[in-house]
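What you are looking at is a predicted structure, and each value in this text was computed from that prediction instead of being measured.
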Protein chains: 2
Amino acid sequence: MDSWDDIRFFLAVARSGSVRGASVGLGVNHSTVLRRVSNLEAQLGALLFEKLPSGYKLTPAGEEILDLAISMDEDSSLLQTRVFARDQNLTGPLRVALPPSLASELLMPDFAAFTQLHPEIELQIATSYEAVNLTTRQADLAIRLVYDQLTLPPHLFGTRLQDVHRSVYISREFQNRILNNPQCSARWILKEEDGPAPSWAANPDLEIGGPPINVSDMASQLSAVRAGMGVTILPCFVGDLDRSLARVAGSTSKYYGTLWVLTHGETRKTKRVRLFSEFIKARIALYSALLSGEAYIDDASKGSLTK
Amino acid sequence: MDSWDDIRFFLAVARSGSVRGASVGLGVNHSTVLRRVSNLEAQLGALLFEKLPSGYKLTPAGEEILDLAISMDEDSSLLQTRVFARDQNLTGPLRVALPPSLASELLMPDFAAFTQLHPEIELQIATSYEAVNLTTRQADLAIRLVYDQLTLPPHLFGTRLQDVHRSVYISREFQNRILNNPQCSARWILKEEDGPAPSWAANPDLEIGGPPINVSDMASQLSAVRAGMGVTILPCFVGDLDRSLARVAGSTSKYYGTLWVLTHGETRKTKRVRLFSEFIKARIALYSALLSGEAYIDDASKGSLTK
DNA sequence: GTCCATCGGTTGATTTTTGCACCACCGTTC
DNA sequence: GAACGGTGGTGCAAAAATCAACCGATGGAC
């Protein structure tokens, strides 16, 4: 075979199901993908895809070699990981993946502190809602908020850190307005991905009426609740830290998920990974009460909570 | 990793030990290899080779990823093999590997017959002294003359066919000359790879003196013995078929090796491979007496041996 | 039905890769 | 010591792969 890259393109198309989809994933023009696939087909002397108007679908021949392409992909990923793992220099890159909310609302100052402490480490922060794939070395370390159960893929190591609670929040200004003017009613501000308001959030002291306001991300959600558009459910480490917000009177905090730090088996012994791992675990431990929702003091001076 | 081909180049260099050596194997300019390797090193952020004046030698980092590159290579080979194995058309290519002597001196007419019988099969005959690698699909079927023991790599299937004997030959013309002129002595014609003349070939009836004549291939060896330069050891299927040659009087035939037909586990069920395999086995069976050296009739009409 | 997004396919311009012709260097051989 | 065959390294021109901008077709939303 005189081009392994053709197999890489084949795999991308097989995974995405379309040439165009593969092309964006690969970061190349779709005509390139087209040509490389037909090149591979010509070399093998077999049709690998059914060229449907709706996309590329694997033929039996394509199915048969898919697992080998996947195996090559895994090898190539592991290859990068191993080289990275060998690197015991403090100097060098370090990719950390975590959910956007944790980054922007809580840990960014700690990341800043870490870069000050170790300026020679080139910290790359990748925030995404989706769980980033450590196996393919999209990241060297991942901080995850796990909702259900954590099933660790092979070769991955996890440390369970901390339970995270959430509660129902409202703008203080808006709360006062409601108290003074009983006609004024609150509405739910819901993030689409979270679904409808859970039953535990219902509160006898506060009537919530009208259709919910839907937002797509936490930034909008925060803006909306700050602007006094209604009430919303937030992780306590977000809501409790925001001076303009208060928990809706009578609301309890509820278990939301558990924080984990994940590392790859090959890279976890690397100096940079170990260093960051220990650092961030220590920092998160400091937020223990905040994350679990036990740090909230009704009404009183919230300023003391900020670090 | 955005170029699996770089890994392919890395592997080629690691195997050959030099950039230039790899370049000829890959069929590209050596500067290309140079650039691809440094490209890979840059992407991984690690030195893979020690750049010695005598060649490229793997660093520990390079050693560590070598097995993954090999694994990718194996996957890529198997990928081609699988696609080929799926192909149940009679029409298509078929690569057969065998030692040059067998091809040129015995089986070529049978190959000709096969292509006449199945003109739609694109027969590619690869003759080489080295055992061709079936696993990497350099060939779909190999006919081998095995001298020692056959240890089959995994996934390869072999059929034991026939013992091959060899004997000591001389030009009939030269033999007569010696008989008439006792001063005239014979010399050994030796093929380098075969080493010195074995003890069993010694013959009390024929004095062999002087330094041996060394040749590098069988074609030269045949020319030399035909020209009456001396005596030589040949497989019986070569010597007995040549009307101008005779076994040295009193010489016995000795076991030389065993013929095997090897196929890859994945491709052996392919129509073309099965067809050729059965055909050539049948043909070789016809040569049974010839191969084992039992067909030789002293002096008498050798013409009857040719098919 | 219309609109719109997405799909694959094609073609000419552009960028990237590759090949070629060199160089310097080292060890062997004559 | 000179010549030679081997090694890696380096500009520059040619070749090849890629990009960008199209096209027609399809399928779903409205």
If you fit an axis to the five pairs at each end of the helix from C:dG1-D:dC30 to C:dC30-D:dG1, how big is the angle between those two axes, to 10 degrees? 20°
Do any of residues 44-52 of chain A sit with a heavy atom less than 4.0 Å from DNA chain C, and if so which? A:Lys51, A:Leu52
Contact between [X] and [Y] at the side-chain level, heavy atoms closer than 4.5 Å - yes or no?
X	Y	value
A:Leu141	A:Leu262	no
A:Leu11	A:Ile70	yes
A:Ile189	A:Val231	no

Between [X] and [Y], does any side-chain N to carboxylate O distance fall below 4.0 Å?
X	Y	result
B:Asp73	B:Arg15	yes
A:Asp67	B:Arg82	yes
B:Asp87	B:Arg272	yes

How would you list, by chain and number, every residue that makes a side-chain contact (heavy atoms from CB on, under 4.5 Å) with B:Arg226, sequence neighbours excluded?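 Per chain and number, B:Arg226 pairs via side-chain contact (heavy atoms from CB on, under 4.5 Å) with B:Leu222, B:Asp242, B:Ser244, B:Leu245.
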Got a sec, which residues hit side-chain hydrogen bond (donor to acceptor under 3.5 Å, both in side chains) with A:Ser76, two or more places apart in sequence or on another chain?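 Partners of A:Ser76 by the side-chain hydrogen bond (donor to acceptor under 3.5 Å, both in side chains) criterion, ordered by chain and then number, come out as B:Trp4.
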Does B:Tyr56 put a side-chain nitrogen or oxygen below 4.0 Å from OP1 or OP2 of D:dG9? yes
Could you tell me whether the side chain of B:Arg35 has a donor or acceptor atom within less than 3.5 Å of a complementary atom in the base of C:dG19? yes
Between A:Asp140 and A:Thr267, is any side-chain donor less than 3.5 angstrom from a side-chain acceptor?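 Looking only at side-chain atoms, A:Thr267 and A:Asp140 do not form any donor-acceptor pair under 3.5 Å.
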Can you measure [X] atom [atom1] to [N] atom [atom2] for me and round it to whole angstrom units?
X	N	atom1	atom2	answer
A:Lys57	C:dG8	NZ	P	14 Å
B:Asp5	D:dA17	CG	P	11 Å
B:Asp6	C:dT16	CG	P	16 Å
B:Asp2	D:dT18	CG	C1'	14 Å
B:Arg8	C:dT17	CZ	C1'	14 Å

Acceptor/donor pairs from residues 42-53 of chain B side chains to any protein atom, 3.5 angstrom cut, sequence neighbours excluded:
{"residue": "B:Gln43", "atom": "NE2", "partner": "B:Asp2", "partner atom": "OD1", "Å": "2.8"}
{"residue": "B:Lys51", "atom": "NZ", "partner": "B:Glu41", "partner atom": "OE1", "Å": "2.6"}
{"residue": "B:Lys51", "atom": "NZ", "partner": "B:Glu41", "partner atom": "OE2", "Å": "3.0"}

Under a 4.0 Å heavy-atom criterion, the protein footprint on nucleotides 21-29 of chain D, written with B, S and -, is B----S---
Between A:Ser18 and B:Val28, who's closer to the 5' end of DNA chain C by nearest nucleotide? A:Ser18
Which nucleotide wins on minimum distance to the side chain of B:Val19, given the candidates C:dG9, D:dT18, D:dG8? D:dG8
Ignoring hydrogens and geometry, is there a side-chain-to-backbone donor-acceptor pair from A:Arg95 to A:Gln138 under 3.5 Å?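 Yes, the answer is positive, given that a donor and an acceptor are paired below the 3.5 Å cut-off.
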Closest nucleotide of DNA chain D for A:Phe9 versus for B:Leu34: which of these residues is on the 5' side? B:Leu34
